[in-house]
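Here's the structure we're looking at; comments come further down.
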Amino acid sequence: MRQKNSLAAAILLLLFLGLSIHWELAWLQENLASPQMQSSDLEQAREYFTLYENIWKDLTYFPVPLSTENPRLQIQFEDSWMFERSYGGSYGHEGTDLMPDTNVAGFYPVLSMTDGVVENIGWLEKGGYRIGIRSPHDVYFYYAHLDSYAKDFQIGDVVKAGELLGLMGDTGYGTEGTRGKFAVHLHVGIYLRTDQIPEIAVNPYWFLRYLEDRKLSYAYE
């Protein structure tokens, strides 16, 4: 029964994604002939649509694997896009938080969702120990609040989809080494860029939903 439900959910999700792309294409086609639409607006719409498509091209695996030792271990997440955050001032949440059933730092593996190259590594006041991967189609995937890294990553290192990046933790919201300010979780962020705009935040929620049936298995319990 769980397999049937999983298949049905996957089909519904693919239908939703297909409809979303269809609506966007229909909107572009309808507005191509609109005298109110400026050519610069059309070019920008086409550019954003292409950038958005690039995310799908690089997605390979869900960032937290299944456990071969304890299949009951689960990860929960919700669409928390732009939920209010207050550390250092009020701002919207630019990402999706993956919350584990077991609130233990250094327990859950974190894998790269894509191939790519390490663009950022190390401590951020809000993100704690984080790693940022630039994918082949120029999408930036951001993994934050890690407890530790899998190895001594350096900027420019090549990373393969499914490669171990580190272990989930509760680092951040302070000077380097700060822990325990919130529950253990993985913050996933996805960012695009253009020649004019260096960073455009994108809601990761539906991309993570898409990857739920693309989980690797890893030995942890």
Side-chain angles (χ1 to χ4, degrees), residues 1-14 16-17 54-79 95-121 127-137 139-154 157-171 183-191 202-221:
M1 181 61 72
R2 289 187 62 187
Q3 289 182 336
K4 291 182 178 178
N5 289 339
S6 177
L7 178 60
I11 292 172
L12 287 173
L13 180 56
L14 289 173
F16 172 83
L17 297 173
N54 285 341
I55 303 172
W56 299 108
K57 294 175 183 177
D58 289 333
L59 292 174
T60 305
Y61 298 119
F62 193 77
V64 182
L66 297 170
S67 170
T68 58
E69 309 303 313
N70 186 354
R72 292 175 296 178
L73 293 173
Q74 297 294 321
I75 296 291
Q76 311 294 331
F77 62 98
E78 64 177 0
D79 187 357
T96 297
D97 291 336
L98 280 67
M99 312 298 298
D101 288 344
T102 302
N103 187 39
V104 178
F107 179 71
Y108 284 83
V110 174
L111 310 181
S112 180
M113 295 186 285
T114 67
D115 292 341
V117 175
V118 176
E119 186 167 301
N120 285 300
I121 188 77
Y129 291 113
R130 60 61 161 106
I131 186 169
I133 308 295
R134 180 71 61 178
S135 71
H137 288 90
V139 183
Y140 185 72
F141 290 85
Y142 170 75
Y143 308 82
H145 308 310
L146 300 179
D147 181 71
S148 59
Y149 297 108
K151 63 180 184 180
D152 183 23
F153 287 106
Q154 300 295 315
D157 284 352
V158 174
V159 171
K160 301 300 291 182
E163 183 174 339
L164 180 65
L165 299 177
L167 299 176
M168 194 183 299
D170 56 357
T171 60
V184 171
H185 69 281
L186 172 66
H187 171 100
V188 172
I190 298 178
Y191 296 87
V202 175
N203 186 356
Y205 176 76
W206 288 107
F207 299 104
L208 289 165
R209 285 289 306 275
Y210 167 74
L211 291 173
E212 278 191 293
D213 289 330
R214 298 186 178 198
K215 293 180 181 178
L216 296 175
S217 295
Y218 200 90
Y220 66 100
E221 56 180 345

message: Do Leu208 and Met113 have side chains that approach each other closer than 4.5 Å (heavy atoms only, starting at C-beta)?
response: yes
Heavy-atom pair of closest approach, residues Met99 and Ala183: CE-CB, 4.1 Å
field: Nearest heavy atoms of Gly127 and Ala144, plus distance in Å
entry: O-CB, 3.5 Å
- line: Rounding to 0.5 Å, atoms CD1 (Ile121) and CZ (Arg130) come to a distance of 7.5 Å
message: Quick check: do Asn54 and Trp56 have side-chain heavy atoms less than 4.5 Å from each other?
response: no
- prompt: So do Leu186 and Asp97 actually touch side chain to side chain, heavy atoms under 4.5 Å?
  reply: no
- request: State, yes or no, whether a side-chain contact exists between Leu211 and Tyr61 at a heavy-atom distance under 4.5 Å.
  value: no
query: Which heavy atom in Gly169 sits nearest to a heavy atom in Ala105, and how many Å separate them?
result: CA-CB, 4.1 Å
- request: Show your working on side chain to side chain contact (heavy atoms under 4.5 Å, CB included) between Ile55 and Val202 and close with a plain yes or no.
  value: CA-CA 10 Å; Ile55 303 172; Val202 175; 3.9 Å; yes
- prompt: When you check the gap from the basic side-chain N to the acidic O, do Arg209 and Glu212 get nearer than 4.0 Å?
  reply: yes
statement: The complete set of side-chain hydrogen bond (donor to acceptor under 3.5 Å, both in side chains) pairs with one or both residues in residues 105-120, sequence neighbours excluded, reads Glu119-Arg134, Asn120-Tyr140
message: Please check if the number of heavy atoms outside Tyr220 that lie under 6.0 Å from its OH is greater than 12.
response: yes
- prompt: Ring centres of His187 and Tyr142 under 6.0 Å apart?
  reply: yes
task: Flag the pair Tyr149 / Ile131 as yes when at least one side-chain heavy-atom distance between them is below 4.5 Å, and no otherwise.
output: yes
- request: For the pair Glu163 and Lys151, find out whether any cationic side-chain nitrogen is under 4.0 Å from an anionic carboxylate oxygen.
  value: yes
- prompt: Do Pro65 and Pro109 have side chains that get closer than 4.5 Å, going by heavy atoms?
  reply: yes
query: Which heavy atom in Ser217 sits nearest to a heavy atom in Thr68, and how many Å separate them?
result: CB-CG2, 3.5 Å
Residue that, paired with Val64, satisfies side chain to side chain contact (heavy atoms under 4.5 Å, CB included) out of Met168, Gln74, Lys215: Met168
message: Test your reading of the model: is there a side-chain donor-acceptor pair from Asn70 to the backbone of Ser67, 3.5 Å cut-off?
response: no
query: So, for Gly166 and Leu164, which heavy atoms are closest and what is the spacing to 0.1 Å?
result: O-CD1, 3.4 Å
- prompt: Any sub-3.5 Å donor-acceptor pair from His145's side-chain atoms to Thr171's backbone N or O?
  reply: yes
query: Could you state the interatomic distance from OG1 (Thr60) to CG (Leu111), rounded to the nearest 0.5 Å?
result: 11.5 Å
statement: From the list Phe207, Tyr205, Trp206, ring-ring contact (aromatic ring centres under 6.0 Å, His included) partner of Phe77 resolves to Tyr205
- request: Decide side chain to side chain contact (heavy atoms under 4.5 Å, CB included) for Phe153 and Val159; before the verdict, give the C-alpha distance in whole Å, the side-chain angles of both, and the deciding distance to 0.1 Å.
  value: CA-CA 10 Å; Phe153 287 106; Val159 171; 4.2 Å; yes
query: For Glu69, what residues pass the side-chain hydrogen bond (donor to acceptor under 3.5 Å, both in side chains) criterion, not counting sequence neighbours?
result: none
From CA spacing to verdict: side chain to side chain contact (heavy atoms under 4.5 Å, CB included), Val110, Leu167: CA-CA 5 Å; Val110 174; Leu167 299 176; over 6 Å; no
- prompt: What's the verdict on side chain to side chain contact (heavy atoms under 4.5 Å, CB included) for Phe141 and Ser135, showing C-alpha distance, side-chain angles and the deciding distance?
  reply: CA-CA 7 Å; Phe141 290 85; Ser135 71; 3.8 Å; yes
message: For the CD1 atom of Ile133 and the NZ atom of Lys160, what is their distance to the nearest 0.5 Å?
response: 12.5 Å
query: If every non-hydrogen atom of Pro63 is compared with every non-hydrogen atom of Tyr143, which pair is closest and at what distance?
result: CB-CE2, 4.3 Å
- request: Determine whether Asp79 and Thr96 make a side-chain contact, defined as any pair of heavy atoms from C-beta on separated by less than 4.5 Å.
  value: no
query: Looking at side-chain heavy atoms only, is the closest gap between Val184 and Val104 below 4.5 Å?
result: no
query: CD1 of Ile75 to CG of Asp101: how many Å apart, nearest 0.5 Å?
result: 7.0 Å
